[in-house]
Trainee: 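Here's a structure for you.
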Number of protein chains: 2
Amino acid sequence: MAAKRSGTRSTRSQRAGSVPQPRSETPLSLERIAATAVELLDVHGVDGLTMRRLADRLGSGVMSLYWHVDTKEDVFDLALDMVLEYRGQPQAAGTQDWRAEVIHILEDWRAQMLRHPWSASLLPSRALGPNILYRLELLGKTLSGAGVADANLNVAIWSLWNHVMGATITRASFDLSNDDQAAAQQRLHLSERYPTIERSRLPLDNDWDGVFRKGLDFLLDGLAPKP
Amino acid sequence: MAAKRSGTRSTRSQRAGSVPQPRSETPLSLERIAATAVELLDVHGVDGLTMRRLADRLGSGVMSLYWHVDTKEDVFDLALDMVLEYRGQPQAAGTQDWRAEVIHILEDWRAQMLRHPWSASLLPSRALGPNILYRLELLGKTLSGAGVADANLNVAIWSLWNHVMGATITRASFDLSNDDQAAAQQRLHLSERYPTIERSRLPLDNDWDGVFRKGLDFLLDGLAPKP
DNA sequence: ACCTGAACACCGTTCAAGT
DNA sequence: ACCTGAACACCGTTCAAGT
């Protein structure tokens, strides 16, 4: 009956059981596509993003998306870049405490990815978009300003990248399956191959934030320019 | 004509353009399924592994797989665990040089994953199988034997895990798209937002093995028990 | 310039059967 | 105990059209 009152055609293809989105007035745009993709990814995860669902939610036909986008891969790139936008203050040049600055840059990056748990595991496999490049630029500028020699700069950046990515991908993935952790501890107990990590209760005790900060401190100790 | 000579039925479903595998004599088993899945993953990547292709290659019907396996996820778990098997020497207990031992454990782990570039990115999102648990046990035992206190053991293990995973996932993923790296450097050049990393040529110069070793040294410096 | 539906060649998995 | 084909409810994308 609602269909009778509205002007939208109700014959438009729609997935079984899903509430059909009314044909939207606003035209499609990369901006809208990206924002809606992020919504879908946040709710349904990587496998839950399909072109059909995305179009449905945008109130358009599936194939309309393909005028704006070459392939589904592009949608992932757009969503990922949107999520990585840096919204920090313009940052006074050459702050006194470079170490605190680096930690802030990396924790902001990490927190942003953990808000969208699909994003971290997507990042290494895709072309580097403008927003992640800008974060790396900030990082490089800070390290360089702190006195890290040009010859060591890329090594320093990639070391920190590895640390952030390893910690964040792991955290975002494990977080989704807390039940498995208890099962894993149980499996350790039933075997005799794993005495050490059973005793330390490795699968259960995982203070990801603490590990992130401690490892970061070690790396910064090592990377700091020796006067 | 070959079909005429053999006893296999040629009517069995087969994907267009693919050479049909003769119905195999050997029965299915988790062992065979896992080994064949690894082959497919090595050649076609994560997206290239489909139940239909896998069955084809095993010379069986698709649904036969489902007697051995509940879901496609299980196939990934089996393949991943197979690839992570540790084939090291039994290792003399309490070697003198714990640091060299840790480095060996981690480099062997990393090398094994890089031989199967799909494996690293799969590992964090799946339940920990027996073979990766055994590698973590070795690592934990070595660290513990070196004098790392029980209270610090899990932190040490996860720190090193993060380092290995970050470095390996990134390397395995970037490796597949060398062209994109040149394009990324070009994009830096065309913008004015990225002066520092353009100067350091970040997307091009990536000595992954060197970064891995240097970061590892910093972590081990920090984690080493203070006498 | 922007949007569309029909159709194609795939997917993973349920089900009811076969041996 | 082990294997099977048909069928279902999906996919991403090509194509030829519509405005």
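Just so it is clear, the values below take in all heavy atoms, side chains as well, and ignore hydrogens, waters and symmetry mates. Here the structure is a predicted model, which is why all the values come from computation and not from measurement. In what follows, every chain begins at residue 1, and chains take the letters A, B, ... in the order their sequences are listed.
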Trainee: I need the CG-P distance between A/D47 and C/dT13, as an integer number of Å.
Mentor: 11 Å

Trainee: Hey, is the main chain of A/F212 close enough, under 3.5 Å, to the side chain of A/H163 for a donor-acceptor pair?
Mentor: yes

Trainee: May I ask you to verify if any side-chain N or O of B/T71 is less than 4.0 angstrom from the OP1 or OP2 atom of C/dG12?
Mentor: no

Trainee: Mark up nucleotides 14-19 of chain D, 5' to 3', with B wherever a protein heavy atom is under 4.0 angstrom from a base atom, S wherever such an atom reaches only the sugar-phosphate, and - elsewhere.
Mentor: BB----

Trainee: Quote, to the nearest angstrom, the C1' distance that separates D/dC11 from C/dC8.
Mentor: 12 Å

Trainee: Rounded to the nearest Å, what distance is computed from the CD atom of residue B/E73 to the C1' atom of nucleotide C/dG12?
Mentor: 11 Å

Trainee: In this structure, how many angstroms lie between the C1' atom of D/dC11 and the CG atom of A/L54, rounded?
Mentor: 14 Å

Trainee: Looking at D/dT4, D/dT13, C/dG12, which one has an atom nearest to any side-chain atom of B/T50?
Mentor: C/dG12

Trainee: Can you tell me how far the CG atom of A/D74 sits from the CZ atom of A/R126, to the nearest 0.5 Å?
Mentor: 8.5 Å

Trainee: Please name all residues satisfying salt bridge (Lys or Arg N to Asp or Glu O under 4.0 Å) with A/R135, sequence neighbours left out, ordered by chain then number.
Mentor: A/D108

Trainee: Within this structure, what is the NE2-to-C1' distance between B/H68 and C/dT13, rounded to whole angstrom?
Mentor: 16 Å

Trainee: Rounded to whole angstroms, how far apart are CG on B/D56 and C1' on C/dC10?
Mentor: 14 Å

Trainee: Determine the contact category for A/L49: base if any of its heavy atoms lies under 4.0 Å from a base atom, sugar-phosphate if only primed atoms, P, OP1 or OP2 are that close, otherwise nothing.
Mentor: sugar-phosphate

Trainee: Roughly how far apart are A/E73 CD and A/L78 CG, rounded to 0.5 Å?
Mentor: 11.5 Å

Trainee: Please tell me if the side chains of A/P130 and A/D81 come closer than 4.5 Å, counting only heavy atoms from C-beta onward.
Mentor: yes

Trainee: If I take atom CG in residue A/L58 and atom C1' in nucleotide C/dT4, what distance separates them, rounded to the nearest angstrom?
Mentor: 15 Å

Trainee: For A/R52 and C/dG5, what is the distance between atoms CZ and P respectively, to the nearest whole Å?
Mentor: 12 Å

Trainee: Could you tell me which non-hydrogen atom of B/A172 sits nearest to which non-hydrogen atom of B/P117, and how far apart they are?
Mentor: CB-O, 3.6 Å

Trainee: For Watson-Crick and G-U wobble pairs within 3.5 Å on both distances, what is DNA chain D written in dot-bracket notation, | included for inter-strand pairing?
Mentor: ||.|||||...|||||.||

Trainee: Mind listing the closest non-hydrogen atom pair of B/Y194 and B/S191 along with its distance?
Mentor: CE1-OG, 3.6 Å

Trainee: Which one, D/dT13, C/dC3, D/dC2, comes nearest to the side chain of A/K72?
Mentor: D/dT13

Trainee: Check this for me: A/E31, atom CD, are more than 12 non-hydrogen atoms of other residues, nucleotides or ligands nearer than 6.0 Å?
Mentor: no

Trainee: From A/N206 CG over to A/R201 CZ, what is the distance, rounded to the nearest 0.5 angstrom?
Mentor: 11.5 Å

Trainee: Starting at atom CE of A/M51, determine the distance to atom C1' of D/dC11, rounded to an integer number of angstrom.
Mentor: 11 Å

Trainee: Rounded to whole angstrom, note down the C1' distance from D/dC15 over to C/dC3.
Mentor: 14 Å

